[in-house]
Student: 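One structure, pasted below without further comment.
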Amino acid sequence: MPQITLPDGSVREFDAPVRGDEIAAAIGKRLAKDALAIRVDDDLRDLGTEITDDARVAIITRDSNEGLELLRHDAAHVMAEAVKELYPETQVTIGPAIENGFYYDFARETPFTPEDLEAIEARMHEIVERDEAIAREVWARDRAVEFFREQGEVYKAEIIASIPEGEDVSLYRQGEFIDLCRGPHLPSTGRLGHAFRLTKLAGAYWRGDSANEMLQRIYGTAWAHEKQLKTYLQQLEEAEKRDHRKLGRQLDLFHFADEAVGSVFWHPRGWSLFQSLIDYMRERQIEAGYHEINTPDVMDRGLWEQSGHWQSYGEHMFVTETADERVWALKPMNCPGHVAVFRHGLKSYRDLPYRTAEFGKVHRYEPSGALHGLLRVRHFTQDDAHIFCTEDQITEETIDVCRLVLSIYRDFGFEDVVIKFADRPDNRIGSDEIWEKSENALRGAIESMGLEYKYNPGEGAFYGPKIEFVLRDAIGRDWQCGTLQVDLNLPARLGATYIGEDGAKHVPVMLHRALFGSLERFTGILIEHYAGALPLWLAPMQVMVTTITSDGDDYALEVASRMRAAGLRVDTDLRNEKINYKVREHSLQKIPAIVAVGNREVEARTVAVRRLGEKGQRVVGLDEAIAALVEEARPPSRREGEAGANAAARKSAAG
RNA sequence: GCCCACAUAGCUCAGACGGUAGAGCACUCCCUUGGUAAGGGAGAGGUCACUGGUUCGAGUCCAGUUGUGGGCACCA
């Protein structure tokens, strides 16, 4: 008589053995119908699992996260079954549940076509209708290997062969289809339901290794209910509308062209945004005690050999040779240049920490398949800085960088920032003591600030541990932007020293840090975050002064020049068009403020201000309007009692 | 770099079966001076990504190249 303890604490007794579906049925009819699997103590099991001893049991339904994951995993299996039915010569490999859905990798001579995808999806629905029982079987490993080899499933056989000898493996059978799987699975294919959709076709390397052959991967999305599927597909459409490449064209911010693959042609409005970011960062950095410098874009091969870049990263570098037969490289990083500046002239311990900052444009020959709009380019500008300090100063400098970056992100409406801490990788240089010291300093700094962080073991740079700052945008996507790395290697390698209190030469520690990371990338992220509707302080065109009729022309020009003199980015629209037409056009251009002047405003020396996203307009005196706009043109943290950029981000998310 | 798809006017897209290009918006001109998301009319605009092939004839079929998109790998 096993005693079954349910999640609410109640205890029920059953005749042994009892199956999960029987427990569900005993609790309620509805639950029995919704049940997908059970959790026995802490392990997920099939609904049909027999329980003989006392246990804590929870019924997993499609409305829980665990249930949804099972559902997605089953969708992958149903897809594999459909593929095997339609294309028996195809080999199956692996098919896990992933965020929002699932995929399955197939091995096949001829690739799938988009038409195949439709056929597979249709067949999946049939399999769900057939409601085939999904049964678990336990086989000896060797028997399973042999079975799959005979079936011509060499990949499956390879996977099973990598399981330790002598162990049993579980297989799941549904209809004619049998697959190796740890499980658990739903009791039958009918439980999957129809809230799924095959989404894309892709290539993927076997075991994720580019040295291996490429398989055909089919992605799908699956949900508990049709309504959720619909919502998800709508979200995808929303995200598409925010695509910075699309908005970049619509708002005339930048373009790309074949003659400079992976490089941005910035148009006036895009460059204005870019410069706003630099202006802002420059001000914040100077305030934080950095010295802005500038170092050469092209430097001699010898320097890159000394720094180690030539050997380690040569294939990612743009190299050029001049008529005098000297070989140069376009800098892929700013650090060697910064060490050169530090090294120039004697530095004393009194000069430390010595912080050099540069809006340096770096050039990296990225693989063609990696390029993606502004988010991954071959030539980009970093808000790069290097802090030369003593080991004892690492903690304090780290705290300052964290404070600065969080404060800066807040100005852009990014409140939700995840910090990741990565420590020593296998492939590294430097002694364990030094690693110990720098890891402790970094980790200690985050902890002393009371910040939560995620631990990424072994993901540090080869020269030192690092912190990454990941921000979450208005529609919940994560972007890794800022980074802070401790480097106990390059300064020595490039001969940087300072004179210590003891009068002897010492090698400083170097901290690498970038807050926006790539300015190009950050600009792209901002465009998507704000859906193109940039807050006034960042908007390339802040105010458009329009006229109702040409009687207002002179006054409109005066208003614009007054605003321009006050530092606002403003233009006039005196065209012979109706105000409706002008409002529509400038609203589509996402200009934050449209100022209209007609005879009434000319008379009263007022302006009618219409704000983007609002319906009506407010008529205010010219001076008052200018003062308010000028205040809003400052970064949020520089305003008097301002709630911040979040409201703006949320507003644009809603619009 | 690898797999698949795609490439037609500034933009968004039509162009069964091969018979030498079309719409809307934008642009130019004319009429309209209109109070908050498209007033009307006319006009101009394309070596159909590039190279080669098949064909009497190619935007359309085939091959290659370049680029773009989605993934994979990469991201110092």
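Side chains are part of it too, since the values below use all heavy atoms of this structure and drop only hydrogens, waters and symmetry mates. Throughout, protein chains are lettered first and strands after them, A, B, ... in sequence-line order, and every chain is numbered starting at 1.
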Student: What is the distance from CG of A/Leu247 to P of B/rU12, rounded to the nearest Å?
Tutor: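 Rounding to the nearest Å, CG of A/Leu247 and P of B/rU12 are 12 Å apart.
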Student: Are side-chain N/O atoms of A/His586 and A/Asp573 paired as donor and acceptor at under 3.5 Å?
Tutor: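 A pair is found: one side chain offers a donor N or O, the other an acceptor, under 3.5 Å apart.
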Student: Nearest-Å distance, NE2 (A/His267) to P (B/rC11)?
Tutor: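 Spelled out: NE2 on A/His267 to P on B/rC11 is 11 Å.
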Student: Between A/Phe196 and A/Phe102, is the ring centroid distance below 6.0 Å?
Tutor: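 When the ring centroids of A/Phe196 and A/Phe102 are compared, they turn out to be at least 6.0 Å apart.
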Student: May I ask you to say whether A/Arg269 pairs ionically with A/Asp252, meaning some side-chain N is under 4.0 Å from a carboxylate O?
Tutor: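 No salt bridge links A/Arg269 with A/Asp252.
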Student: Do A/Lys246 and A/Glu240 sit within salt-bridge range, that is, some charged N less than 4.0 Å from a carboxylate O?
Tutor: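 The answer is no: the pair does not qualify as a salt bridge.
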Student: Classify the ring geometry between A/His363 and A/His379 as parallel (under 30°), tilted (30 to 60°) or perpendicular (over 60°).
Tutor: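 Correct class here is perpendicular.
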Student: What is the distance, to the nearest angstrom, from the CG atom on A/Asn212 to the P atom on B/rC3?
Tutor: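 Roughly 15 Å, once rounded to whole Å.
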Student: Can you check the distance between B/rC25 and B/rC62, where both ends of the measurement are the P atom (answer in whole Å)?
Tutor: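 Going atom to atom, P in each nucleotide, I get 35 Å.
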Student: Over how many whole Å does the gap from A/Glu109 atom CD to B/rC3 atom C1' extend?
Tutor: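 Whole-Å distance recorded here is 15 Å.
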Student: Dot-bracket for RNA chain B, please. Rules: Watson-Crick or G-U, both distances under 3.5 Å, ( ) within the strand, [ ] when a pair crosses earlier ones, | for another strand, . otherwise.
Tutor: (((((((..((((.....[..)))).(((((.......))))).....(((((..]....))))))))))))....
Student: How far, in whole Å, is B/rG59 from B/rG53 if one measures between their P atoms?
Tutor: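 To the nearest whole Å, 15 Å.
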Student: Is the distance between the ring centroids of A/Tyr365 and A/His316 under 6.0 Å?
Tutor: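 No, the ring centres sit 6.0 Å or more apart.
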Student: Is the NZ or CZ atom of A/Arg108 positioned over A/Phe112's six-membered ring, under 6.0 angstrom from the centre and within 45° of the axis?
Tutor: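 Yes, cation above the ring, under 6.0 Å and within 45°.
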Student: Does the distance from a Lys or Arg side-chain N to an Asp or Glu carboxylate O, for A/Arg611 and A/Glu632, drop under 4.0 Å?
Tutor: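 Looking at A/Glu632 together with A/Arg611, the answer is yes, because their closest N to O distance falls below 4.0 Å.
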Student: Using atom P in both nucleotides, what's the gap between B/rU33 and B/rG46 to the nearest angstrom?
Tutor: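 Their P atoms lie roughly 35 Å apart.
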Student: Does the distance from a Lys or Arg side-chain N to an Asp or Glu carboxylate O, for A/Lys466 and A/Glu459, drop under 4.0 Å?
Tutor: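 Salt bridge flag = no for A/Glu459 with A/Lys466.
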Student: Please verify the inter-ring angle class for A/Trp266 with A/Trp271; under 30° counts as parallel, over 60° as perpendicular, anything in between as tilted.
Tutor: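 Plane angle between 30° and 60°, so tilted.
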Student: So is A/Arg197 actually on top of A/Trp223's ring, under 6.0 Å and inside 45° of the axis?
Tutor: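 Because its charged atom misses either the 6.0 Å distance or the 45° angle limit, A/Arg197 does not stack over A/Trp223.
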Student: Expressed as a whole number of Å, how far does the C1' atom of B/rA5 sit from that of B/rG40?
Tutor: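 To the nearest whole Å, 43 Å.
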Student: Rounded to the Å, how far apart are A/Arg245 CZ and B/rC11 P?
Tutor: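 Whole-Å distance recorded here is 16 Å.
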Student: Base contacts versus sugar-phosphate-only contacts with protein, heavy atoms under 4.0 Å: please encode nucleotides 34-51 of chain B as B, S and - from 5' to 3'.
Tutor: BBBBBS------------
Student: Could you check how far NZ of A/Lys246 sits from P of B/rG70, rounded to whole Å?
Tutor: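 Those two atoms, NZ and P, are 12 Å apart.
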Student: What orientation do A/Tyr104 and A/Phe106 show, parallel under 30°, tilted 30 to 60°, or perpendicular over 60°?
Tutor: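 Parallel: the ring planes of A/Tyr104 and A/Phe106 meet at under 30°.
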Student: If the C1' atom of B/rG71 is compared with that of B/rG10, how far apart are they to the nearest Å?
Tutor: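 Roughly 31 Å separates the two C1' atoms.
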Student: Reading nucleotides 71-76 of chain B from the 5' end, what letters show protein touch, with B for base, S for backbone sugar-phosphate only, - for no heavy atom under 4.0 Å?
Tutor: BBBBBB
Student: Given the P atoms of B/rC2 and B/rU65, what is the spacing between them in whole Å?
Tutor: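 Pairwise P distance, B/rC2 against B/rU65, rounds to 10 Å.
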Student: Can you tell me the distance, in whole Å, between the CG atom of A/Asn100 and the C1' atom of B/rG70?
Tutor: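 Distance, rounded to whole Å: 16 Å.
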Student: When the P atoms of B/rA58 and B/rA21 are considered, how many whole Å apart are they?
Tutor: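 My reading of the P atoms in B/rA58 and B/rA21 gives 13 Å.
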Student: Figure out the CD/C1' separation between A/Gln589 and B/rC25, and round it to whole Å.
Tutor: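 Interatomic distance, CD of A/Gln589 to C1' of B/rC25: 13 Å.
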Student: Using atom P of each nucleotide, how far apart are B/rU55 and B/rC13 to the nearest Å?
Tutor: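 Approximately 36 Å lies between the P atom of B/rU55 and that of B/rC13.
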Student: Starting at the 5' end of RNA chain B and moving along, which residue's nearest nucleotide shows up first, A/Pro114 or A/Phe256?
Tutor: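 Here A/Pro114 is the residue nearer the 5' end.
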